[in-house]
Protein chains: 2
Amino acid sequence: MATIKQVAKHANVSVATVSRVMNKSGYVSEEAKEAVEKAISELNYAPNRVARSLYKKSSNLIGLIMPDITNPFFPQLARAIEDVANQHGYQVVLCNTDEQLEKEQTYLVALQTMHVDGLIITTNHSHNPNYETLNLPMVALDRIVKAGIDAVISDGYEGGKLAANTLIQRGAMRLAHIAGPDHLKTVQRRTEGFVEVAGDRLVGMTESAFAFKDALKASQELFDHAWPFDGIFAANDVIAAAVLQEAVRRNIRVPEELQVIGYDGIELGEMTSPPLTTIVQPIYEMGRVATERLLDLIEKKDTRPKEMLLPVALLERQTTKRKER
Amino acid sequence: MATIKQVAKHANVSVATVSRVMNKSGYVSEEAKEAVEKAISELNYAPNRVARSLYKKSSNLIGLIMPDITNPFFPQLARAIEDVANQHGYQVVLCNTDEQLEKEQTYLVALQTMHVDGLIITTNHSHNPNYETLNLPMVALDRIVKAGIDAVISDGYEGGKLAANTLIQRGAMRLAHIAGPDHLKTVQRRTEGFVEVAGDRLVGMTESAFAFKDALKASQELFDHAWPFDGIFAANDVIAAAVLQEAVRRNIRVPEELQVIGYDGIELGEMTSPPLTTIVQPIYEMGRVATERLLDLIEKKDTRPKEMLLPVALLERQTTKRKER
DNA sequence: TCTTAATGTGTAACCGGTTACATATCAATA
DNA sequence: TATTGATATGTAACCGGTTACACATTAAGA
């Protein structure tokens, strides 16, 4: 790889001039500019980002901290983040914490020593004290880390209400619910909204982690103890898929006997039989907003902390009945 | 963040000595070592990796080039890679190319200018000429880029044969197949193995991209034109999920009337109804082997190009009949 | 014509590490 | 006692950019 010195020599100017034309800063004569550009293209020169980082104390790298990229919700988020970051000349460093606080800590120091410009956090350890002392631009995504740190979330409370209202409107009388892990505020809001609207109609409720196996176990328990119910809302699509599978296994017809609504809007929902009705979060949009916000923070465009609440919508597939008119 | 100079001053030694104790290189007296260690912990010092990179021309970063992180096979791979890389002190830069050659090129220069130490490639543009001139350690994963570049793949040929033999053994007489995109050699091998064993029994075959929507369309065509068949092998689990969904929609009973086998062994397979029988690739293992191989290459432990072929296995869930005995 | 500001360019310091090299001490060996 | 190798440590060059500063030239305004 060519260096700036070689380019300078080749164009018969100093390194300062080369740097000026590359960064379009300071004064450069038309003549010098052309010579430099010619040299750059002839030598196939691309500036060494490491050297630039060292002086500028900025790397054009952002850290993406995720609990588990294997959970199908996160890749869609990652995809959006990577997309937007890339459009702005940033790369993303993938940090899978596996829910282990220790891995998260290790990553935090690694990211700092490599001078990442900012962080997007979708992790579960919202109590991690390190974030406060980090002094790095960061935004929490689908999570609320703490006041003072920006957050981008979808409106789970409205989503929960929407799920309940939809089931009721389609004739469900006896409702059930499987909530998500109780340390995730954003997920609990879904439950709050649902429970509030369901009121007396709620006949059964349990809780589950987001892994499919756990969800299957939770579903079985619910069917064992709270059956019959004719409408169920699951805190996310993976849990809903487990409910569906268990319903099929028990020969319960969906949606005739039991209507099912999930939450997330991930692709998995199209792949189940029958395809899943769900409350969609605008996943790509969330990733986009979070990333753009982070870039603003990095470029110091706006520093007042904000919480951004994005709207959700009902996506009707085939686990709910047709709307009566 | 403290710098090495501050640590040196605090410990009353030179920066060289500090560097020596940090890298356990050269001679350092016990006394100096203790003083430096004390200073490091008191100042909470962590060396600036950017500065180190500049001198060493190595960043402890590896680039991971993927076509689409949203496709559920890749996150599992990413997870393994991230895991192993992290254990060895490397971080991974996620590069989603979206199948666009241009994005891939852009990433390639970005990765070079940031001095990544190596590349893992799971991308589809195996003809991309840039890889050859890149002069960076790299390994292709689930892909064959070209001779001379290491590859880690699973034994698709055996997998295809295994799928056919399994279906035949379980009584299937009329076989069908949905192949994957024909520019992916690793995927074509599955088809070759299957077709070879199926022989005359093969009554229908089509091709599909890996996106669910495409797969659904392909399934429909196959059912429209080649039905009846009583055993089908799909080139991956996503396609198999589409086949299943379409079978359910047409009231075809699985596995009684139609047995289905997928390929990959991703989690999606447990979530369908009924759960999918599939040929599992050792996904985590493939990611692990590829990453370890890359790290060996980086550390110049072994530079003879190799192709590593990992074995596959049958995972029986419920879309095939019980084995007769 | 003289002053002043705008334009153009190069030199060298700087970012924060690593390491070649010079230098010094000391114990072992000839 | 002189020589030698192992041990210990500091100075400064180096990695490849960016930019403060000095200096030169030219055009505009008084």
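So you know, we letter chains A, B, ... as the sequences are listed, proteins then strands, and number each from 1.
For Glu292(B), the side chain to side chain donor-acceptor pair (under 3.5 Å) criterion is met by Arg288(B), not counting sequence neighbours. Under the side chain to side chain donor-acceptor pair (under 3.5 Å) criterion, Ser19(A) pairs with Asn23(A), not counting sequence neighbours. By the side chain to side chain donor-acceptor pair (under 3.5 Å) test, Asn96(A) is found to be paired with no residue, residues two or more places apart in sequence or in another chain being considered. Under the rule for a side chain to side chain donor-acceptor pair (under 3.5 Å), the partners of Ser58(A) that lie at least two apart in sequence or sit in another chain are Asp117(A). In this view, Arg143(B) satisfies the salt bridge (Lys or Arg N to Asp or Glu O under 4.0 Å) rule with no residue, not counting sequence neighbours. With sequence neighbours excluded, the residues forming a side-chain contact (heavy atoms from CB on, under 4.5 Å) with Gln87(A) are Asp83(A), listed by chain and number.
At dT18(C), one or more side-chain N or O atoms of Ser19(B) fall inside 4.0 Å of OP1 or OP2 (strictly under the cut-off). The side chain of Thr17(B) places an N or O atom within less than 4.0 Å of a non-bridging phosphate oxygen (OP1 or OP2) of dG10(D).
In this structure, Ile266(A) and Phe73(A) approach most closely via the heavy-atom pair CG2-CA, 3.9 Å.
Protein atom CG of Asn23(B) is 7 Å distant from nucleotide atom P of dT19(C), rounded to whole Å. When the P atom of dT18(D) is taken as reference, atom NZ of Lys24(A) falls 13 Å away, rounded to whole Å. One can place CD1 of Ile40(B) at 10 Å from P of dG17(C), the figure rounded to the nearest angstrom.
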Generate the contact string for nucleotides 21-29 of chain D. Rules: B means base contact, S means sugar-phosphate contact only, - means no protein heavy atom under 4.0 Å.
---------
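Counting heavy atoms from C-beta outward, Gln91(B) and Asn86(B) have side chains that approach closer than 4.5 Å. Val116(B) places none of its side-chain heavy atoms less than 4.5 Å from the side chain of Ile62(B). Within the 4.5 Å cutoff, the side chain of Val84(A) has no heavy atoms near those of the Tyr90(A) side chain.
Here the nucleotide nearest the side chain of Ser14(A), chosen from dG10(D), dT18(D), dG10(C), is dG10(C). In this structure, the nucleotide among dT18(D), dT9(C), dT9(D) sitting nearest to the side chain of Tyr27(B) is dT9(D).
The stretch residues 28-37 of chain B touches DNA chain D through Val28(B), Ser29(B), Ala32(B), each having a heavy atom under 4.0 angstrom from the strand.
Between atom CD1 of residue Ile69(A) and atom CG of residue Leu94(B) there is a gap of 6.5 Å, rounded to the nearest 0.5 Å.
Between the two ends of the helix from dT1(C)-dA30(D) to dA30(C)-dT1(D), each summarised by a five-pair axis, the helix axis turns through 50° (rounded to 10 degrees).
Screening residues 55-75 of chain B for salt bridge (charged side-chain N to carboxylate O under 4.0 Å, His left out), with sequence neighbours left out, gives Arg79(A)-Asp68(B).
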Using residues 25-33 of chain B as the side-chain source, report each donor-acceptor pair under 3.5 Å to any protein atom, sequence neighbours left out, with the distance given to one decimal.
unit_1   : atom_1 : unit_2   : atom_2 : d
Ser29(B) : OG     : Ala32(B) : N      : 3.1

Taking only N/O atoms, report every protein-nucleotides 14-16 of chain D pair under 3.5 Å with atom names and distance.
unit_1  : atom_1 : unit_2   : atom_2 : d
dC15(D) : O3'    : Lys57(B) : NZ     : 2.9
dG16(D) : OP1    : Lys57(B) : NZ     : 2.7
dG16(D) : N2     : Ala51(A) : O      : 3.3

